[in-house]
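FYI, the numbering just counts along the sequence from 1.
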Amino acid sequence: MAIALLLSGPGVFMALPGASAAAILLATAGGLLYMAVRKSLTTSQPYIGVQCLLMVAFFLHYGMGGALLWYWDSLPWKYAINYNMFLSNGAKENMPMAAYLALLAGLGLYCGSCLRFRNKNRPRQDAMRDLGSLRRSIMPLAVIFFFLYVVVVPAAPTNVQATVLVFASFSQVLIVFVAFMAASSKDVAARWRWWMICGVCFLLIATPSLRSGMREDFIKPLALIAIGWIAARRRVPWKAGLVTLGAFILLVLPVLNLAKQYALEGNQAGMARLSGAYQDVAERNYGTVMEGVFANALERVNLLPSLAVFSRFYPLGMPFLHGETFLLETIEFVPRLFWPEKPEVGRLLDGYSRQVGIIGTGDTQTSAKFDAITEYFINFGALGVFVLSVLHGAFYRLTEAVFRHYLSPILATFMIAVMMVQNNDFFSFVMLVPSHLKQVIAWISIVALVRIVGAQAPQRYVTTRVESAVGGKSARAFVNQKIELL
């Protein structure tokens, strides 16, 4: 199908009515998602594959995007700012072209994530390996890494902040692990204990939103908890999920939206910002507030308009970049510790969005970096979209294989899930290679250290027991010594 699309070119797709193009994109994305989910959830182990996670992201960001973009102005918006959100810069008119490129990308992602990287000399691993050592060490690990995430990262100097954040991001792996343990525990008391730990972890991860007003800090841990639950139970919690999503949209998002606005305006901070936003929501018309919430949420999820706008200008108005943006992104390989004046890559990439009108000429606050499919297209065209999407899927499949090789399949699930959730704007794998490479090294090192510490405890116990027997100590003395070690 991908070859047929490439050979036919965008002309056939552009000739279709917009509603037909949106329907084809939605049906194809839904079909790819169904195949990936069925393949992932029918395995015998508690494991969610890369392919499943990629197709969920593709369906949310692009599969529904065509229909949203095409029918946006038909929705009952009362305010012009919401009505015109996706209608500027010719996004709707160029939606069929964007749908064509998104289809190529979806098929490429699916094909790339089908690749397998296996070590034939590696014995088959138990899916539950390492969970015992993590379970025994959960409290000190949680204290260390949440302290890094909540306290050290905000206070760290700029040149070392990114490095500290790499290690602190292991706290997000822990929240998936805790949710997995809570969902898989058969003992009621233990299950509630794990859920209490999970709630504390959620609050700690959401703490940075008090400083920044970022709604993602509330949404991402919820997604990680859901992934941990699904990995343990092998099914989607539709009832609990819909109730949680409804409560979040109706009760929490209105306050967070206004808190974000206050943050952009530089007003208030911390709990004072949330308190002010809560009072403001209570005083406003609830229908007006919810319209803004839905419009903003759909804007954040839908990445197709960016692709539609950029594909209007490339290559007709502007030549393909032939890897120019990828070259800029290699700056991230240089640690800020060695290059304190290193420019912000995000600001450099915002210049391309400014060229096509997505960001206003005098707007210095808005950041609108392009997504992966858009970047692949403006560099190498439609063929580049398919080839680089295959590489995108293969990159995450290879990363997963590294985690599986050095750790275990279930830990690979946790870690790949965190990487996917962190990439909520679906940036290209080239942009993410520097940060993901650091995370792979740091996370494997952390688990290796936990293994070593966990292995040393039984060894100390056995050594002490032998010494006690040789020294002629009584059983009571041996028991007392064991208790002291514990």
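Between Phe429 and His436, a ring centre-to-centre spacing not shorter than 6.0 Å is recorded.
For the salt bridge (charged side-chain N to carboxylate O under 4.0 Å, His left out) test, residues two or more places apart in sequence or in another chain that qualify with Glu332 are Lys342. By the salt bridge (charged side-chain N to carboxylate O under 4.0 Å, His left out) test, Asp371 is found to be paired with no residue, residues two or more places apart in sequence or in another chain being considered.
Without hydrogens or angle criteria, Gln51 side chain to Tyr110 main chain gives a donor-acceptor distance under 3.5 Å. Side-chain atoms of Thr244 come within 3.5 Å of backbone N or O of Ala240 as a donor-acceptor pair. Trp70 places no side-chain N or O within donor-acceptor distance of the main-chain N or O of Ala23, the cut-off being under 3.5 Å.
Between Lys369 and Glu375, the closest side-chain pair of non-hydrogen atoms is not below 4.5 Å. Ser311 has its side chain within reach of Asn94: a pair of non-hydrogen atoms, C-beta onward, lies under 4.5 Å apart. Residues Thr413 and Phe403 form no side-chain contact, since every pair of their non-hydrogen atoms from C-beta on lies 4.5 Å or further apart. No side-chain heavy atom of Met64 sits less than 4.5 Å from a side-chain heavy atom of Asn302. Side-chain contact between His61 and Asp425 is absent, with no heavy atoms from C-beta onward closer than 4.5 Å. Counting heavy atoms from C-beta outward, Arg397 and Cys114 have side chains that stay 4.5 Å or more apart. Put simply, the side chain of Leu203 does not reach to within 4.5 Å of the side chain of Val200, judged on heavy atoms. Side-chain contact between Leu411 and Phe177: absent, with no pair of heavy atoms (C-beta onward) separated by less than 4.5 Å.
The structure places CG of Leu32 at 6.5 Å from OG1 of Thr28, a figure rounded to the nearest 0.5 Å. From Leu204, atom CG reaches atom CD1 of Ile175 across 9.0 Å, with rounding to the nearest 0.5 Å. Separating the CG atom in Leu68 from the CD atom in Glu299 is a distance of 11.5 Å, to the nearest 0.5 Å. To the nearest 0.5 Å, the span separating CD1 on Ile373 from CG on Leu109 amounts to 6.5 Å. Atoms CG and CG, on Asn424 and Leu303 in that order, are 9.0 Å from each other to the nearest 0.5 Å. Taking SG from Cys198 and CG from Leu174, the interatomic distance works out to 11.0 Å, rounded to the nearest 0.5 Å.
Leu104 and Phe386 get closest at one heavy-atom pair: O-CD1, 3.5 Å. Nearest heavy-atom pair across Leu432 and Phe427 is CD1-O, 3.8 Å. Of all non-hydrogen atoms in Leu69 and Pro305, the two that sit nearest each other are CD1-CG, 4.1 Å. Nearest approach of Ala98 to Leu304, heavy atoms of both residues: O-CD1, 3.8 Å. Annotation for Pro96 and Gly18: closest pair CG-CA, 4.4 Å, computed over non-hydrogen atoms. The minimum heavy-atom distance between Ile230 and Pro237, with the atom names listed, is CG1-CD, 3.7 Å.
Between Tyr352 and Phe370, the angle of the ring planes lies from 30° to 60°, which puts this pair in the tilted group. Taking the six-membered ring for Trp and thresholds of 30 and 60 degrees, His392 and Tyr376 have ring planes more than 60 degrees apart, a perpendicular arrangement. Using cut-offs of 30° and 60° on the angle between ring planes, the pair Tyr314 and Phe320 is parallel.
Sorted by first then second residue, the salt bridge (charged side-chain N to carboxylate O under 4.0 Å, His left out) pairs that include residues 83-107, not counting sequence neighbours, are Asp73-Lys92.
Counting heavy-atom neighbours within 6.0 Å of Phe167 CZ, excluding the residue itself, gives a total of 12 or less.
Under the side-chain contact (heavy atoms from CB on, under 4.5 Å) test applied with Gln172, the options Lys220, Met415, Gln422 reduce to a single match, Gln422. Screening Thr325, Leu349, Val345 for a side-chain contact (heavy atoms from CB on, under 4.5 Å) with Met431, the sole residue that qualifies is Leu349.
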Go through the steps for Ile249 and Phe294 under the test side-chain contact (heavy atoms from CB on, under 4.5 Å), then give the verdict. CA-CA 8 Å; Ile249 292 176; Phe294 279 106; 3.9 Å; yes
Dump the intermediate steps for side-chain contact (heavy atoms from CB on, under 4.5 Å) on Ile378 and Phe313, then the final yes or no. CA-CA 9 Å; Ile378 66 177; Phe313 292 89; over 6 Å; no
So Val440 and Met419, side-chain contact (heavy atoms from CB on, under 4.5 Å) or not? Walk me through it. CA-CA 10 Å; Val440 168; Met419 288 182 170; 3.9 Å; yes
What do the steps show when you test Phe170 against Tyr149 for ring pair (Phe, Tyr, Trp, His ring centres under 6.0 Å), and what is the final call? CA-CA 9 Å; Phe170 192 75; Tyr149 187 81; over 10 Å; no
Derivation and outcome, side-chain contact (heavy atoms from CB on, under 4.5 Å), residues Phe59 and Leu26: CA-CA 8 Å; Phe59 181 81; Leu26 180 63; 3.8 Å; yes
